[in-house]
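See structure below.
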Amino acid sequence: LAAFAEGSAALTACLGRRARPVRLCQACHRHYRRLLAQYGSIARAVGNSSESHNCAKSILTSDRLQVVVTLSEFFNETWEAANCANCLKNNSEGLSNSTVEFLDLFNRSLTCFEHNLQLSYRVLSPWGQTIYLSPNNYTEVCKNCNETYRMLNDLYNNLQRMNRQGGESGHSAHLCIDVEDAMNITRKLWSRTFNCSVPCSDTVPLIAVSSFILFLPVVFYLSSFLHSKQKKRILILPKRIQSNASLVNIQEKYS
């Protein structure tokens, strides 16, 4: 019970410290795995002795509150809600290879942002002192960090596709909260703060398809003009009765 209490305190402290920015899965997975083992040592009856069974029952279910069970369920629900299993290897001993690659590229992107931000507003005063001004634009960030950001964004999209099919971790759900939060932070910086945009890499096919669609009406009307026959209007004039006398003769004949 003392070991479980110490493990709960360590995991709680880790979750609280890593809540913002979110680093729960990568920083606290060892604490969580250790707490699972400590809970298992309480709940698991060693052998078939009545003494071990009474010990587990006394700690877990002997009172209405069942504090140990409640704490264990809370940590399990938090861990599952964070989808931490999707950042870890199958045995939860460490981060998966894809997560390590993503976090490395994420750190490179932030480093690029910071470096080019300094270049944007570092100015030398007339007295030879370095002063910092609020940047009016982020052209240097958009230009110099575009490749790193594009690689990070593509990797995130690939991880999402892999995860829907049951990827490296074997869990087909959302990506873990660490990866999602890191990508959200980067996208907000890129689009809202820096007002950058990723140029479309498929501009040539897009222009070709757009031109083809715009040209379709011209082809349609041209083909209809060439292949259809214009019918001439034929006016059928009614025959006039030549004279009233002939009409009178016809009436007399029938009468």
Side-chain angles (χ1 to χ4, degrees), residues 1-47 52-53 55-56 59-61 66-112 148-149 151-187:
L1 182 60
F4 180 83
E6 292 175 359
S8 299
L11 180 56
T12 303
C14 182
L15 294 177
R17 287 194 303 267
R18 305 295 182 173
R20 192 79 255 159
V22 182
R23 299 291 185 272
L24 305 182
C25 306
Q26 54 188 303
C28 305
H29 65 91
R30 292 184 180 87
H31 296 290
Y32 178 71
R33 193 156 48 92
R34 190 178 302 116
L35 188 68
L36 286 181
Q38 291 165 346
Y39 182 83
S41 66
I42 296 174
R44 184 174 59 252
V46 181
S52 60
H53 178 72
C55 178
I59 295 177
L60 299 178
T61 59
Q66 300 181 7
V67 176
V68 174
V69 176
T70 303
L71 285 175
S72 178
E73 290 177 350
F74 165 75
F75 288 125
N76 289 333
E77 290 173 0
T78 303
W79 201 254
E80 291 176 3
N83 292 303
C84 287
N86 292 319
C87 276
L88 305 173
K89 297 177 181 178
N90 288 331
N91 53 7
S92 298
E93 291 181 354
L95 296 176
S96 62
N97 296 332
S98 57
T99 305
V100 172
E101 181 183 2
F102 175 85
L103 293 177
D104 177 66
L105 201 53
F106 168 70
N107 292 327
R108 286 168 52 192
S109 299
L110 293 186
T111 303
C112 183
T148 308
Y149 176 79
M151 291 171 59
L152 180 69
N153 194 63
D154 291 345
L155 179 58
Y156 180 79
N157 293 333
N158 290 335
L159 291 178
Q160 279 188 318
R161 285 193 292 268
M162 287 173 55
N163 219 50
R164 295 190 191 103
Q165 302 169 358
E168 189 176 353
S169 64
H171 296 264
S172 55
H174 293 287
L175 294 174
C176 74
I177 190 65
D178 293 25
V179 172
E180 289 183 344
D181 184 71
M183 195 67 231
N184 288 338
I185 289 174
T186 313
R187 284 176 172 173

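The structure places CG of Leu88 at 10.0 Å from CD of Gln26, a figure rounded to the nearest 0.5 Å. Taking CG from Leu35 and CZ from Phe75, the interatomic distance works out to 6.0 Å, rounded to the nearest 0.5 Å. Here the straight-line distance linking atom CD of Gln160 with atom NE2 of His174 works out to 9.5 Å at 0.5 Å rounding. Interatomic distance, CG of Asn76 versus CD of Glu73, reported as 8.0 Å (0.5 Å rounding). Considering OG of Ser8 and CZ of Phe74, their distance stands at 10.0 Å, rounded to 0.5 Å. Here the CG-OG1 distance, from Asn153 to Thr186, works out to 9.5 Å after rounding to the nearest 0.5 Å.
Classified by interplanar angle (parallel below 30°, tilted 30° to 60°, perpendicular above 60°), the ring pair Tyr32/Trp79 is parallel.
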Handout entry: Worked check of side chain to side chain contact (heavy atoms under 4.5 Å, CB included) between His31 and Leu15
Key = CA-CA 10 Å; His31 296 290; Leu15 294 177; over 6 Å; no
Practice task
Evaluate the criterion side chain to side chain contact (heavy atoms under 4.5 Å, CB included) for residue pair Val179 and Cys87; output intermediate values, then yes/no.
Solution key: CA-CA 8 Å; Val179 172; Cys87 276; 3.8 Å; yes
Handout entry: Audit row: Cys28, Cys14, disulfide bond (SG atoms under 2.5 Å apart) steps and yes/no
Key = CA-CA 6 Å; Cys28 305; Cys14 182; 2.0 Å; yes
Exercise for the section: List the steps, then state whether side chain to side chain contact (heavy atoms under 4.5 Å, CB included) holds for Leu103 with Leu95. Expected result: CA-CA 10 Å; Leu103 293 177; Leu95 296 176; 4.0 Å; yes
Exercise for the section: Run the numbers on Val69 and Tyr39 for side chain to side chain contact (heavy atoms under 4.5 Å, CB included), then give the verdict. Expected result: CA-CA 9 Å; Val69 176; Tyr39 182 83; 3.9 Å; yes
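Asn158 contributes a side-chain N or O that, together with a main-chain N or O of Asp154, makes up a donor-acceptor pair within less than 3.5 Å. Asp104 places no side-chain N or O within 3.5 Å of a backbone atom of Val100 that could act as its donor or acceptor partner. Of the possible donor and acceptor atoms, none in the side chain of Asn163 sits under 3.5 Å from a partner among the backbone N and O of Asn86. No donor-acceptor pair closer than 3.5 Å links the side chain of Ser72 to the backbone N or O of Val68.
In this structure, the side chains of Ile177 and Asn83 stay at 4.5 Å or more apart for every pair of heavy atoms. Looking at heavy atoms from C-beta onward, Leu175 lies in side-chain contact with Tyr156 at the 4.5 angstrom threshold.
Cysteines Cys176 and Cys84 have SG atoms no closer than 2.5 angstrom.
Annotation: Arg187, atom CZ; neighbour count of heavy atoms from other residues, nucleotides and ligands within 6.0 Å is above 12.
Taking every heavy atom of both residues into account, Phe106 and Ala182 meet most closely at CE1-O, 3.3 Å. Across every non-hydrogen atom of Leu155 and Phe102, the tightest pair is CD2-CA, 3.5 Å. Here the closest non-hydrogen pair linking Ser109 and Thr148 is OG-CG2, 3.2 Å.
A salt bridge is absent between Arg18 and Asp178; no separation between the charged side-chain nitrogens and carboxylate oxygens falls under 4.0 Å.
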